[in-house]
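Okay, so here's the structure we're looking at.
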Amino acid sequence: MKVFLTSNLPAEVLDVRVHFVFDSEVPARFGDFDGLSDEARNLAKQEGFKGKLEQHFLIQTHGKGKATRVLFFGLGSQKQFTPEVLRLAVGRATKSAIRFKAKRIALTLPASHDDEAVVKAAAEGLELGAYRYTKWKTKNEDDAPHTVETVTLVLPKGERPSAALNAALVLGRRVGEATNWARDLVNEPPDTMTPTILAERAQRMAKEAKLKIEVMGKKDIEKLKMGMFLAVAKGSIEEPRLVRIKYIPTSAAARKERPICLVGKAVTFDSGGLSIKPSDSMIDMKSDMAGSAAVLGAMKVVAAIAPPFPVYAYFGACENMLSGTSYRIGDVLVSRLGKTVEVRNTDAEGRLVLGDVLAFANEEKPRALIDLATLTGACIVALGMNIAGAFGDDDTLMHSVLEAARSAGEDLWRLPLTPYLKDSLKSDVADLKNLGDRWGGAISAALFLKEFVGNTPWVHLDIAGPAMAAKERGYYAKGATGVGVRTLVEFIRRGGALA
Ligand code: BES
Ligand code: ZN
Ligand code: ZN
């Protein structure tokens with residue numbers, strides 16, 4: 001797919017021309033289409049098109065005008081417009097264009113006070129909307145991937161392409177591509193996305209992006225005394241992998257900065273272990289490595305934007321299985337930090353793996369430590385499928401993460417790390433237990449993680465809800481969303497917590 005940024009519609013005939021309309025522009029805006037404005041106005045009326053969000057209608061031009069089809073898309077109220085509104089609409093439009101098997105399309109961008117954000121969002125919408133996971137489909141015509149050849153993004157009236165706008169286009173495409181790459185990792189069935197394979201994918205990515213990477217096996221993890229991580233891994237015949245990726249800037253001064261450390265949950269399949277999940281709850285458990293996919297996707301872009309400080313990424317990959325070698329309820333684990341943990345539920349495995357990996361990352365004395373994890377069903381109960389929970393005591397870091405997410409168009413909501421629930425993690429036999437009260441489960445899980453990060457500014461994102469989309473919408477397809485990539489990239493782009 002080639003994408004161009006121009007001030008005018010291209011001269012050649014297009015397969016689809018997409019026009020975005022605010023509700024205040026209906027019906028006046030249809031006057032712009034020579035020879036078609038009457039038809040557009042009539043059709044809009046018939047279809048009840050008022051330019052509302054998600055409303056759209058199609059005109060077949062039968063040779064009139066510059067395109068075979070014109071797609072009108074509502075953007076809702078101009079006052080409430082955000083780049084995310086456009087990202088969703090462009091994603092939806094891209095899906096339609098693909099359905100029409102269009103080769104050449106053009107999209108006219110809406111006027112806004114921030115053209116860079118609009119161009120970046122449109123580029124992301126294009127990439128994200130074009131995504132489909134078809135790897136395992138055989139010989140189905142409908143599923144044969146179709147690619148749009150050229151996309152022309154037409155700037156609002158009076159605007160001209162510039163270096164800044166082109167950079168926004170390149171960055172948006174890069175972020176979209178990296179998100180799709182992360183989606184592929186998550187959508188891959190658990191049998192072909194084992195800890196070993198996930199580590200290999202990370203290795204391949206790091207090589208291509210010129211990042212440093214270390215992949216450690218069971219023996220190394222034993223040497224590092226990660227007793228919690230090892231316990232979770234031991235029920236599976238698949239060996240665990242501990243991965244550390246480093247982006248190191250070139251300038252000597254920048255190298256001396258303390259790093260930003262990103263940690264992702266990488267349970268490639270979560271059966272629950274001996275505390276086995278019912279089948280219905282196990283269906284999506286290949287997505288329990290979505291946190292690591294987000295971190296990896298973000299690192300791909302970090303390498304390209306080359307920030308003036310180091311960024312490290314970590315994940316501990318394993319399966320949570322049940323067998324004769326599984327860890328048991330009642331076992332006491334000795335963590336890397338030395339704290340001991342009584343196992344009360346083997347399905348609360350994420351916090352065990354993350355506890356050890358967070359402690360390991362924290363040894364780098366990071367300026368900021370951020371983890372992403374499909375950690376609790378309780379977070380889905382609290383916030384639903386679209387919103388990730390954000391936890392952390394450092395208000396400055398929390399605000400920069402929330403601002404980055406807002407700007408990237410991802411929904412985060414801060415939840416409290418109330419010390420009141422800490423008592424529920426007390427054990428009779430060990431320092432901690434891995435299961436808190438039934439109520440407030442997302443909070444007690446976050447409080448457990450907090451035990452392993454010391455005083456480092458830290459934010460934990462519980463992405464159990466938004467990691468997978470239950471239905472297709474905007475630029476989302478059913479399945480993996482790649483949530484987190486956009487927020488992390490935006491956070492790093494803004495200079496991390498320093499900004
Ligand atoms: N991976 C799950 C959390 C999850 C649930 C992610 C649904 C995505 C969708 C996690 O390991 C888990 O099983 N958590 C338990 C914790 C409980 C045993 C304290 C849960 O949420 O039920
Ligand atoms: Zn679990
Ligand atoms: Zn899990």
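Start at 1 with the first residue, then count along the sequence. One-based numbering, in listed order, for ligands and for the atoms of each.
Figure legend: Lys234 and Tyr327 shown without cation-pi pairing, the cationic atom not lying both under 6.0 angstrom from the six-membered ring centre and within 45 degrees of its axis.
Under 4.0 Å is where a charged nitrogen must lie from a carboxylate oxygen, and between Glu177 and Arg183 no such pair does. For Lys286 and Glu188, the salt-bridge test fails: no basic side-chain N is under 4.0 Å from an acidic carboxylate O. Lys426 has no carboxylate O lying under 4.0 Å from a charged side-chain N of Asp431, or vice versa, which leaves the two without a salt bridge. Checked for salt-bridge contact, Glu239 and Lys219 miss the test: no charged N lies under 4.0 Å from a carboxylate O. Using a cutoff of 4.0 Å between basic side-chain nitrogens and carboxylate oxygens, Glu349 and Lys265 are scored as salt-bridged.
Near ligand 1, residues Lys265, Asp270, Lys277, Met285, Asp288, Asn345, Asp347, Glu349, Arg351, Thr374, Leu375, Thr376, Gly377, Ile380, Leu435, Ala464 each place a heavy atom inside the 4.0 Å sphere around the ligand atoms.
Neighbours of the Zn ion (ligand 2) restricted to protein N, O or S atoms under 2.8 Å: the count is 4.
Between the side chains of Thr456 and Asn362, at least one donor N or O sits under 3.5 Å from an acceptor N or O.
The aromatic rings of Trp458 and His460 sit parallel, their planes meeting at an angle under 30°, below the 60° perpendicular limit.
With contacts defined as side-chain heavy-atom distances shorter than 4.5 Å, the pair Phe229/Leu352 does not qualify.
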